Amino acid sequence: MIATQFLILAAALFALGVYGLLVRRNAVLVLLSVELMLAAVNINLVVFEAMWRTSEAIGQVFAIFVITVAAAEVGIGLAIILMIFRNRQSANVDELDLMRW
Amino acid sequence: MTHSFLFAAEEIAHAGDGGWWADTAGIMLVSPFVAFLAILAFGKRLRYNGAEFAIGALAINTLWALVLFFMNMTEGVLREPFTFKVGDIGSGLVFELGWAVDGLSIMMYLLVNLVGLLVFIYAVGYMEGDRRVPWFFAAFSLFAGSMLLLVGAPNLIQLIIGWEGVGLASYLLIGFYWEDHENVNAGNKAFMVNKLADVGLLLGAVLVGVALGTFDFAALNTAATEGHAGLSAVAIAGGALLFFGAMGKSAQFPFHIWLPDAMAGPTPVSALMHAATMVTAGIYLMARTFPLYQQMATDLRPWMVAIGTITLFAMGLLALVADDIKKVLAYSTVSQLGYMMTAVAAGGYTAGLFHLFTHAFFKALLFLGAGSVIHAVHSNNMSDMGGLRKYMPRTYATFVIGALALAGIFPLSGFWSKDEILATLGHEGYTAVMWIAIAGAFVTAFYMTRAVALTFHGTYKGHGHPHESPAVMTVPLIALAIPSVLAGLLNIPGVEWPGIGNFTEWLAVRVVPMGDHHAEAIDFFLAGVGTLAAVAGIVLGWLIFAPDRDTQQERDRFEVPVLYPLFRRKYYMDDLAMGISRFTMGPFARFVNWTNTYIIDGIVNGVGGVVYHLARFIYGGVDQRGIDGIVNGLSAVADAAGSGLRKLQTGRVQQYAASFVMGAIVLVIVFVLVR
């Protein structure tokens, strides 16, 4: 089975997302990294469905759910980032420490 | 004697029962107490500081007393006393409260209520703007109420309750201006002298009550008349003890010492105390239990007469040297009480009470007149007065009427009552006493003339501009002047007023006939001698005191060597009393003081010290260090933990994400390894 290549791709993509999440300072790019991680998960879901072929196609259905939730999340996330940028002329996550003790 | 018995019995035979008015006479005993409580509760908020209640209560009472008095005049009012049983004392004795309705109590009801009412009205003017006026009227109501409880008593127990109530109220009123220590002392003195005598009353009541099986006056008097064996065994001792009590309240020698000091109270108090309440209580007790002395304890009577005689003469002399106008009147009262006591003791039931009756009016008048003068001059001393007749014509006129009545000038009331006492003394064989009493009449006239001359004649020596008192004060004076003039006519020997008879008959309406002597006609010799003595006193007094002298010594003192200092020091009776109490009570008091200082205080201080140190240990050791330590320690731990941990919350999202990823990696490793 060629699933292994797809899983390696997904793992690489996920690792790329984690890296971006942790090191990028621009909030938009952090959000993009999260999207990368979600895409990696989606690949996994589709691959496993292709492998086991459940009668209800659970993998695909979940993938659709994740895409939907990701779309909503990006919408809200971009709106928040936009507002922060307007208020502070910056979208740098390092400078956003309002929620601390 | 036989004649008198018949006379009294006949009188009682057609006495009425007083009907509804007698049934409800108890209202008189209750209303002043209601007024007392009402004044305490609401007095401060009212325009006249609660005098409304006091006057209202006595006005109602006066209505009842007048109706009963007129009924008694026309038909006689005599009923079984109305009693309510309060409880059992034991040995068959019961404690009852109620009210008596007979000639004697009706006369006293009228006297207390009528004189009380006028004095209360007067007091509204006199006390205007004074301190604690609501309290004054409250205590005054208590005073009148206690006296009514006393004179309405159907038995000895209630009499003692009223008696003590009068003592208490007088203590409160004498010490009314308690800011001055002297007044407090006067109150204490009155209270303690009375209390000493009260022991006699209490013991006498117990002795008589136990011997008789009841405290009822009617039963006591019936037993005395019928020769009850048990009572006759204790008659002398019981009679002497009751008389001992009466001596205290009625200020008989040597218990008179409290009364002049009692002048420390406001003048209306003196007026009521000396006229109708308090000092008449002793005379009233003697009259109430008259058959006991008349029929049984006859051996006591010469001694009682002797004490009364000493009182009437020796105390009258003291009035000669007093500078305080109220003290002149106070000694005069003591002297007149001596007359009453002498008369009652000698067997003159009617004579003594008649003098009590007339004296109440003119002595109240004199005191209120003196109060009016004091109100204007702001001093009690006659050396600050003089010439006031020009400034205070109404006070002057009424005061002179009172003085003439007291001196016994025909036809004022004092003449008739004093004459009756003299006649009784003569008839009962106390000839020497009778002559002393006549000499006393001379002294009375003398000191009253002196008082009038120094106060109202000559030139004014005081400060400021004296003025006539307001109508609220002068109207009671005029109202009292009327009976002071006319009351004597009620009991002219041998005169029966159409339809109403005379005072003697009204007083004879008792369960048991009193069996005292009544003169059938005026004894012109005695009346003449008495009047002569009085006129001589007035003339002499006028000659000495009317000329206006320049210096106070000249004007105010007619000093006779030996006698003057003796009188000024009141025969050294006060010093004697102080000496006796110092030698008897002194060591005891010192012992008690020592015990108090060293033993009781030691115990108290010791216990206090132990408690103090225990408390300090508990506070410092247990509470501050132990309990507070735990509480503070716990909070300090929480505080430190919180300030340490809060540093984790940096607010940097990527740090959280890193921790999150690290946690996920750890979990993955754990899952892989544990597999």
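For clarity, every value in this text was computed on a predicted model and none was experimentally measured. Naming convention: chains lettered A, B, ... in sequence-line order (proteins, then strands); numbering from 1 in each chain.
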Engineer: For residues 165-180 of chain B, please give each side-chain donor-acceptor pair under 3.5 Å, one per line with the distance, not counting sequence neighbours.
Structural biologist:
| from | atom 1 | to | atom 2 | distance (Å) |
| --- | --- | --- | --- | --- |
| B/Ser170 | OG | B/Val166 | O | 3.2 |
| B/Ser170 | OG | B/Gly167 | O | 2.7 |
| B/Tyr171 | OH | B/Asn188 | OD1 | 3.4 |
| B/Tyr177 | OH | B/Asp130 | OD2 | 2.6 |
| B/Glu179 | OE1 | B/Arg131 | NH1 | 2.9 |
| B/Glu179 | OE1 | B/Arg132 | NH2 | 3.3 |
| B/Glu179 | OE2 | B/Arg132 | NH1 | 2.8 |

Engineer: Can you label the angle between the B/Tyr598 ring and the B/Trp594 ring as parallel, tilted or perpendicular, going by 30° and 60°?
Structural biologist: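 Ring orientation of B/Tyr598 relative to B/Trp594: tilted.
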Engineer: For B/Arg625, what residues pass the salt bridge (Lys or Arg N to Asp or Glu O under 4.0 Å) criterion, not counting sequence neighbours?
Structural biologist: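 Salt bridge (Lys or Arg N to Asp or Glu O under 4.0 Å) check on B/Arg625 returns nothing, list empty.
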Engineer: Check each atom of A/Val30 against the heavy atoms of chain B and say whether the ones under 4.5 Å are side chain, backbone, both or neither.
Structural biologist: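 For A/Val30, the side chain is the part near chain B, not the backbone.
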Engineer: Enumerate the side chain to side chain donor-acceptor pair (under 3.5 Å) contacts for residues 24-46 of chain A, please, sequence neighbours excluded, ordered by first and then second residue.
Structural biologist: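 Qualifying pairs: A/Arg25-A/Asp94.
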Engineer: Can you pull out the residues in residues 78-89 of chain A with any heavy atom less than 4.5 Å from chain B?
Structural biologist: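 The residues closer than 4.5 Å to chain B amount to none at all.
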Engineer: Relative to each other, are the rings of B/Phe136 and B/Phe140 parallel, tilted or perpendicular (30° and 60° limits)?
Structural biologist: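 Answer is tilted, since the angle falls between 30° and 60°.
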Engineer: Under the side-chain contact (heavy atoms from CB on, under 4.5 Å) rule, what do B/Gln649 and B/Tyr656 come out as? Steps first, then yes or no, please.
Structural biologist: CA-CA 9 Å; B/Gln649 194 178 5; B/Tyr656 302 165; 3.5 Å; yes
